[in-house]
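Values reported hereafter were calculated over all heavy atoms of this structure, with side chains retained and with hydrogens, waters and symmetry mates removed.
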Amino acid sequence: MSAEDDEVAAHRGEERRRFLRQAAVVGGLTLGAGYLSVAPPRWPLSLRDPDGERGKPRPPTIGLPQGGYAVPPSSTLPYLGVARGERVAAMVRAAVDAIGGIGRFVRRGDVVVIKPNVAFERPAVLGATTHPEVLTALIHLVREAGAAEVRVADNPSESPQSCFIRTGIQRAAVAAGARVYLPSPGEFETMNVPGATWIEKWPFFWRPFQGANKVIGVAPVKDHNLCRASMTTKNWYGLLGGRRNQFHQDIHGIIADLALMLRPTFVLLDGSRILFRSGPTGGSLSDVKPGRTIVASTDSLAADAFGWEELLERRSEPLPAYFAKSAARKTGDPAWRNRPHNEVQVG
């Protein structure tokens with residue numbers, strides 16, 4: 001065979017190999033397209049969209065900081081502080097001092113969101129909402145610590161403006177030097193809560209949280225006709241938007257989701273007075289009794305368990321189901337008696 005014949009043979013061999021490579025690519029694409037067109041909708045890269053859901057535009061989602069807004073845990077300080085007395089401001093300060101003092105939680109320049117319970121258009125004496133005196137004392141503490149800005153926010157079940165005015169929260173917040181955020185439709189964003197059952201992606205009252213680096217919840221102690229008690233963990237419900245009434249079908253599940261959603265800097269349980277029946281709305285002074293107690297804690301479940309046993313005085317009854325659901329997710333520990341806590345009496 002001549003050199004020319006060898007060259008022709010080599011050229012034909014290269015063309016054959018190129019053809020085989022192209023055929024393999026085409027075949028792979030064909031098989032891939034076939035897979036994408038018949039693969040079940042949940043499989044990776046599947047093109048099937050029988051109900052049109054995959055074709056809908058996906059709204060952008062937000063997420064809270066990893067670890068939430070909590071400060072580093074302490075190996076020596078109590079995680080639950082209880083102050084009993086007559087003067088609200090003194091009790092608030094003493095309860096926070098019992099878990100390390102406000103300087104442990106708020107530093108100069110911080111932007112702090114305070115979330116009271118302003119759910120209903122009720123005067124404070126009826127116990128259905130956070131007492132304005134408790135809010136005032138907390139804002140003063142936070143400002144003392146050097147916070148650059150204090151924001152007070154809630155999304156009430158009833159008219160926001162009316163609720164903030166009737167409860168006294170609006171006047172108290174402004175007089176103490178805080179900025180009040182009332183909800184409007186453009187101030188909600190879709191929150192991503194990985195692992196949540198009901199609110200993995202759900203509208204969240206985001207505007208007051210923009211630029212904030214500390215979050216404090218302050219909630220009353222009250223009876224609740226669905227979940228048996230409403231305290232600091234249930235309080236985060238007021239940050240949700242959308243059609244949240246549907247969550248009443250699994251009230252303990254949604255409260256466990258709330259514990260997963262927001263890890264606060266600390267919480268205050270407002271036991272200045274107790275709505276011991278007819279909750280959550282109340283309506284009669286006969287449903288309210290003096291509590292004379294403020295609880296501060298870095299663990300919402302611990303604060304709530306204390307409220308259940310000591311303030312609602314239901315220690316003979318099992319804890320509501322949301323405690324076990326939340327504890328299973330390691331978002332808190334309701335066994336407050338077994339861990340360091342500090343109780344003080346103030347004047």
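Residue Arg277 qualifies as enclosed at atom CZ: its count of foreign heavy atoms under 6.0 Å is above 12. In this structure, Gln161 places its CD atom where only 12 or fewer heavy-atom neighbours from other residues, nucleotides or ligands lie under 6.0 Å away. Other residues, nucleotides and ligands place more than 12 heavy atoms under 6.0 Å from the CZ atom of Arg314. Remark: Arg315 CZ is packed, more than 12 non-hydrogen atoms of other residues, nucleotides or ligands lying under 6.0 Å away.
Between Ile216 and Phe105, every side-chain heavy-atom pair lies at or beyond the 4.5 Å cut-off. Ile114 places a side-chain heavy atom less than 4.5 Å from the side chain of Ile139. Looking at heavy atoms from C-beta onward, Asn117 lies in side-chain contact with Lys222 at the 4.5 angstrom threshold. Between Ile274 and Val288 there is no side-chain heavy-atom pair separated by less than 4.5 Å. Using a 4.5 Å heavy-atom threshold, the side chains of Leu240 and Leu258 count as touching.
The CE atom of Met191 lies 12.0 Å from the CZ atom of Phe205; values are rounded to the nearest 0.5 Å. In this structure, NE2 on His131 lies 5.0 Å from CZ on Arg273, to the nearest 0.5 angstrom. We find the CG-OG1 distance between Asp154 and Thr130 to be 8.0 Å, quoted to the nearest 0.5 Å. To the nearest 0.5 Å, the span separating CG on Asp223 from CZ on Arg228 amounts to 10.0 Å. With rounding to the nearest 0.5 angstrom, the CG atom of Leu80 is 11.0 Å from the CG atom of Asp333.
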* **Criterion side-chain hydrogen bond (donor to acceptor under 3.5 Å, both in side chains) on Asp287 and Ser278, from CA distance to verdict** => CA-CA 7 Å; Asp287 299 326; Ser278 303; 3.2 Å; yes

* Should Glu313 and Lys289 be marked as a salt bridge (Lys or Arg N to Asp or Glu O under 4.0 Å) after you check the CA-CA gap, both sets of side-chain angles, and the distance that decides it? -> CA-CA 12 Å; Glu313 298 180 328; Lys289 64 181 180 181; 3.1 Å; yes

* To do: Give the intermediate values and the outcome of side-chain hydrogen bond (donor to acceptor under 3.5 Å, both in side chains) for residues Thr232 and Asp304.
  => CA-CA 6 Å; Thr232 66; Asp304 288 2; 2.7 Å; yes

* To do: Go through the steps for Trp336 and Glu309 under the test side-chain hydrogen bond (donor to acceptor under 3.5 Å, both in side chains), then give the verdict.
  => CA-CA 10 Å; Trp336 63 274; Glu309 295 177 9; 3.1 Å; yes

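With hydrogens and angles left out, the side-chain atoms of Thr129 and Arg122 include no donor and acceptor closer than 3.5 Å.
Aromatic ring centroids of Phe247 and Trp202 lie under 6.0 Å apart. Checked against the 6.0 Å centroid criterion, the rings of Phe204 and Phe209 qualify as a close aromatic pair.
For the pair Asp299 and Arg263, the salt-bridge criterion is not met [side-chain N within less than 4.0 Å of a carboxylate O]. Remark: Arg87 does not engage Glu133 in a salt bridge, criterion side-chain N to carboxylate O under 4.0 Å. Taking a cutoff of 4.0 Å between a charged side-chain nitrogen and a carboxylate oxygen, Asp257 and Arg329 qualify as a salt bridge. Using a 4.0 Å cut-off between a side-chain N of Lys or Arg and a carboxylate O of Asp or Glu, Glu149 and Lys214 do not qualify as a salt bridge. Using a 4.0 Å cut-off between a side-chain N of Lys or Arg and a carboxylate O of Asp or Glu, Glu144 and Arg93 qualify as a salt bridge.
In terms of heavy atoms, Thr167 sits closest to Ala124 at O-CB, 3.9 Å.
In this structure, Arg207 fails the cation-pi test against Tyr181, since its NZ or CZ atom is not both closer than 6.0 Å to the six-membered ring centre and inside 45 degrees of the ring normal. A cation-pi contact links Lys234 to Tyr237, judged by a cut-off of 6.0 Å to the six-membered ring centre and 45° from its axis.
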